Each structure stands twice: as structure tokens, then as C-alpha cells.
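Everything below concerns the one structure shown next.
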Amino acid sequence: MTNSLAQGIVVLGTGRLGSALAQRIFEVQLPLRAVYNRHLHKAQVLATTLGIPATDRVSALPTDAFLYLLALSDDAIGPFAQCLSQHLPADALVAHTSGATPLAVLQPHFSRCAIFYPLQSFAPGRSPDWTHIPICLSANAPQWTRQLWPIAQRVGGAVYELDDAQRGQLHLAAVFANNFTNFCYHIASQLLKMQHLPFDILLPLIRETVERLHTAPPQALQTGPAVRNDRATIARHLSALQHHPDYQQLYRLMTELIGRYLGSTFNESQS
């Protein structure tokens, strides 16, 4: 199969990531050929905005595009790739956008397969700053990575070539850094509501914490009663959570882990 970037990119899946990725591809004037979604109206909303074709039928997709990007849920990638392989040439360049799914799910179906993973959380109605979004690449052959590299540079910020193990660990780290911290924000919000306080009161603290991470590693920035071994404050907090056993359990565990792994950091800094 001989094709060039001029033959376009097809985005398959128009959820949060797929929609944001298609919009970005269009924005940086890469040739966006078509978008697909199994619910046609979802694809049409995006396609109308971008002035490109939309379809809900694999059989209607162009077969000569330069790149097919599968922006699908993890459990849908393998079955959809199998379906797609019955329509596309075996040497079509197909990449999925997942951080957690290995490259191996594509290899039984396409001889040229890759991963194009933007490390970011996408939300409806928000336009992320793509110039700061890392793009993580891998492929089953170096030449396919080289073909994707200039596309990644146009679409995002820094570009990294990661193998499955590295990307999987990165995705795990992102769950701790983003998903778990957001759940902690949810707990904080619930605790504030009990005293009729707005969550906004915490935003300056959250912003300052994030800003500090630009200049120092997390372990050097840990503060709070756990790292100080302030037992009186910890006891008061646990008492305040007596009617919320799940939150109390999480508080105990986090306090124990912070003391175990980072307590010495505070003690040394105070000596």
C-alpha cells in the first residue's frame, strides 16, 4: 500500500477524546478525511462543524486513507479492529489512542499498527491547550513511528516513544495523579457542603500546590499533619469523620502511607 499524508486521516469514535482529536487535527490543517461513530448523529454533529463526511458504517469508510485513529473504549478496540480489518487493506496504518491497551490487540488484524496516545483528560465543552499535551507513540516497526512523529508534533506538545510497559505505567501514574486526586476533591466538596461552604474556597490552595510541582518533586512538597506526625490534629480529623467510615478509612490509610514514605522528609527538613 503506497499512500501519503495527503490522503488523509480518519478518526473512528467521536466521544470526548475522538471529538477533541478530530477538532485538533482540523485546526492544525492536517487532512481530516472522515469521522465515524456507531451512533450516526454523534458523528454528524462533529462532521457538520468541520465540514467533513460522517458515517456509522464501516463499509462506507475510505480504504486508502493515510492513517486510521481508533478513539474507542479499551474493550472495544480489539473487536472493532477485527471488524475494520474486513474492510480495509491488511497493510492500512491503524493506531489506537489508549494508554492502557497494548499494541498486541491490533497486530492480528493489521501489518502496520501503532499507538497514538494523548496524555490528557478531555471534557465536553472544553478546548484543551494541545501545545502542552504529550503525545506518546509506539508501533510494531520503527518506520511507522517515524511516519506518526510529525503528525504528533503538529497535534500536541512533547512527543515520546514508549513501549507497552512504559505506557502502561504512565497510564497507572496518571490514574493516581488525576482520577484519585479528583475523588479526593469530591470528598473535600462533600465535607464542605456539610458546613455550607463552597468548594471554591479550596481552589487557591489547589492552584498553589500544582504550581509548586513545576519547581520541586512531590516528596519535597508534602505538608499536613501526617508528614508532621501531628497526632492531636489527626485524632480530631478522625473524630470528625466518625459518621463517614469510608472517608475515615481512607484518611487512616493515607495518613499511614504519608508517614511511612514521606515522614522522614519533613523530619530532615526541620533538623
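Since the model is a prediction, treat every value here as computed from it, not as a measurement.
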Using a 4.5 Å cut-off on heavy atoms from C-beta on, say whether the side chain of [Y] contacts that of [X].
X      : Y      : result
Leu137 : Ile115 : no
Phe116 : Ile9   : no
Pro198 : Leu192 : no
Gln190 : Tyr247 : yes
Ser138 : Leu162 : no
Trp149 : Glu161 : yes
Arg228 : Gln222 : no
Leu88  : Tyr68  : yes

Heavy-atom count check: over 12 atoms from other residues, nucleotides or ligands less than 6.0 Å from [X] [atom1]?
X      : atom1 : result
Gln29  : CD    : no
Gln169 : CD    : no
Glu27  : CD    : yes
Arg154 : CZ    : yes
Leu203 : CG    : yes

Can you name the nearest heavy-atom pair linking [X] to [Y], along with the distance?
X      : Y      : result
Gly13  : Leu72  : CA-CD2, 4.0 Å
Ile133 : Pro128 : CD1-CB, 3.9 Å
Phe110 : Cys113 : O-SG, 3.9 Å
Pro118 : Leu17  : CG-CD1, 3.9 Å
Asp230 : Thr233 : OD2-OG1, 2.7 Å
Leu46  : Ala22  : CD2-CB, 3.8 Å

Classify the angle between the aromatic ring planes of Phe180 and Phe176 as parallel (below 30°), tilted (30 to 60°) or perpendicular (above 60°). perpendicular

For the residue pair His237 and Tyr251, does the interplanar ring angle fall in the parallel (under 30°), tilted (30 to 60°) or perpendicular (over 60°) class? perpendicular

Side-chain donor-acceptor pair present, Thr101, Asp74, cut-off under 3.5 Å: yes

Could you tell me whether the side chains of Arg212 and Thr209 share a donor-acceptor contact shorter than 3.5 Å? no

Please determine if Asp64 and Arg33 form a salt bridge, counting it only when a charged side-chain N lies under 4.0 Å from a carboxylate O. yes

Centre-to-centre under 6.0 Å for Phe80 and Tyr36, is that the case here? yes

Taking the six-membered ring for Trp, are the ring centroids of Trp144 and Phe66 within less than 6.0 Å of each other? no

Using the side chain to side chain contact (heavy atoms under 4.5 Å, CB included) rule, take Ile25 and Val11 through it: C-alpha gap first, then chi angles, then the decisive distance, then the call. CA-CA 10 Å; Ile25 289 169; Val11 174; 4.0 Å; yes

Identify, with sequence neighbours excluded, every residue that meets ring pair (Phe, Tyr, Trp, His ring centres under 6.0 Å) alongside His87. none

Pairs touching residues 238-256 that satisfy salt bridge (charged side-chain N to carboxylate O under 4.0 Å, His left out), sequence neighbours left out: Glu256-Arg260

Distance (rounded to the nearest 0.5 Å) between His41 NE2 and Asp56 CG: 10.5 Å

Hydrophobic clustering (ILVMFWY, side-chain heavy atoms < 4.5 Å, transitive) - are [Y] and [X] grouped together?
X      : Y      : answer
Met254 : Tyr261 : no
Ile201 : Leu191 : no
Leu250 : Tyr185 : no

Would you say Asn37's side chain and Leu40's backbone share a donor-acceptor pair under 3.5 angstrom? no

Can a donor-acceptor pair be found, under 3.5 Å and without considering hydrogens, that links the side chain of His96 to the backbone of Ser98? yes

